[in-house]
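Only a predicted model underlies this, so the values are computations on that prediction, with no experimental measurement involved. Read the numbers this way: they start at 1 and go in the same order the structure lists the ligands and their atoms. All residue numbers refer to positions in the sequence shown, counting from 1.
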Amino acid sequence: MPSPVLTVVEDATEGARIVADGIENLVRSRPDAVLALPTGRTPLPLYDELSRRYRAGRIDFERVRTFNLDEWVGLRPGSPGSYAAFMAEHLFSRVNLRPENCHIPDGAAPDLDAECARYEQLIREAGGIDLAILGIGHNGHIGFNEPGTSFEMRTHVVQVTPETRASNRWAFATDDVPSRAITVGIATILDARAIVLMATGPDKAEVLARALQGEIDPSVPASALRLHPCVQVVADTAAARLLGRSRELTFE
Ligand code: PGA
């Protein structure tokens, strides 16, 4: 089936169930699966659903390994606003993932370039990413790969756009949203064996249409996903409303 495959769901809860089904099946067939995980508001229903399935005995995370897509520069792991704190609160403390199997770039590392290289190496040593779960920013970013980022980039330090900092203001107690982040690169993401992009809400409709049906171009980083053979886009009706039928996109 040509990729991407688009699955349109009623709402975020149904989307979370579908993505959780994929993770449940993967972990059943590969108990030490390697997942790449996003932060932001989009994955919150997914993390709730995974926690529920863990408590119900449906998913065992004992041997699963995870790599987060990104982290702010300058925040100590676990400090408020950090993605490490976000993941601890929304997923890691709620399931039986082992702390040593959960990786997040260290935004407080003294040598950030060395930290980026170390992160890439860790992913390689884990055997690569089996399934990357992504959200999409209003400007089309995936991870923190902002518009203009080459599709060749691997894990690197980025200057976060004012627009993206404003979208992330909700996670911080003050206006002090960091201006830099470490992110896996688009090449790192495209190396994953399978990718799921989640998009929910009317405010994602325009960018989703540009990513899936506009030019494949670094000005819309998520458009790079169309270069990958195994991508599923799970979008609610609000986010999918501008997507027309096309040869490039398989509607499920
Ligand atoms: P959101 O962020 O889930 O909070 O909309 C998505 C993203 O910026 O990747």
Side-chain angles (χ1 to χ4, degrees), residues 4 9 11-16 18-20 35-50 66-73 75 80-87 89-91 104-105 107 129 131-149 153 155-156 158-172 177-186 188-190 192 195-212 218-225 231-242:
V9 294
D11 55 25
T13 309
E14 190 191 346
I18 284 177
V19 180
L35 306 176
L37 298 177
T39 48
R41 281 183 267 217
T42 306
L44 290 175
L46 171 65
Y47 295 155
D48 288 343
E49 182 64 20
L50 292 176
T66 67
F67 287 88
N68 266 80
L69 298 172
D70 42 24
E71 178 60 286
W72 297 106
V73 164
L75 298 185
S82 70
Y83 286 155
F86 176 99
M87 291 306 296
E89 178 183 350
H90 295 291
L91 185 67
I104 301 184
I129 294 162
L131 176 62
I133 314 285
L134 311 175
I136 181 169
H138 294 105
N139 60 5
H141 74 203
I142 45 177
F144 264 136
N145 293 284
E146 299 281 41
T149 308
M153 294 292 277
T155 301
H156 62 289
V158 290
Q159 200 69 40
V160 180
T161 59
E163 180 191 12
T164 299
R165 290 173 75 198
S167 315
N168 281 278
R169 170 66 183 79
W170 64 274
F172 287 82
V177 182
S179 58
R180 289 190 304 158
I182 295 179
T183 184
V184 298
I186 292 178
T188 320
I189 291 170
L190 293 181
I195 298 173
V196 171
L197 177 74
M198 302 178 79
T200 47
D203 52 316
K204 296 290 172 69
E206 203 178 313
V207 75
L208 194 63
R210 285 174 66 211
L212 298 181
S219 61
V220 185
S223 67
L225 299 177
V231 174
Q232 182 184 23
V233 177
V234 178
D236 67 3
T237 44
R241 99 194 126 84
L242 298 178

Which of Phe172, Trp72, Phe67 passes ring-ring contact (aromatic ring centres under 6.0 Å, His included) with Tyr83? It is Trp72
- prompt: Around Glu163, counting heavy atoms of other residues, nucleotides and ligands shown, do more than 12 lie under 6.0 Å from its CD?
  reply: yes
the protein heavy atom lying closest to atom 6 (C) of ligand 1 turns out to be Ile136 O, 3.5 Å
Polar proximity ligand 1 side, Trp170 side, N/O cut 3.5 Å exclusive
no
* Asked: N/O to N/O below 3.5 Å, does that happen between His141 and ligand 1?
  -> yes
Numbered in order shown, the ligand 1 atoms found under 4.0 Å of a heavy atom of Gly137 are 7 (C), 8 (O), 9 (O)
Partner of Leu91 under side chain to side chain contact (heavy atoms under 4.5 Å, CB included), picked from Thr66, Leu50, Leu46, is Leu50
of all protein heavy atoms, closest to atom 3 (O) of ligand 1 is Thr42 OG1, 2.5 Å
Here the gap from Ile136 atom CD1 to Lys204 atom NZ, rounded to the nearest 0.5 Å, amounts to 7.5 Å
If we number the atoms of ligand 1 from 1 as shown, the ones under 4.0 Å from a heavy atom of Gly40 are 3 (O), 4 (O)
min-distance protein heavy atom vs atom 4 (O) of ligand 1 -> Arg41 N, 2.9 Å
Between the CG atom in Asn145 and the CD1 atom in Ile186, the distance rounded to the nearest 0.5 Å is 4.5 Å
Which of Thr155, Val73, Ile182, Thr183 passes side chain to side chain contact (heavy atoms under 4.5 Å, CB included) with Pro105? It is Ile182
- For Ala20, does its backbone N or O pair with a side-chain atom of Glu49 as donor and acceptor, under 3.5 Å? no
Nearest non-hydrogen protein atom to atom 5 (O) of ligand 1, with distance, is Lys204 NZ, 2.6 Å
**Message:** Can you confirm, on distance only, whether ligand 1 has an N/O atom lying under 3.5 Å from any N/O atom belonging to Thr39?
**Reply:** no
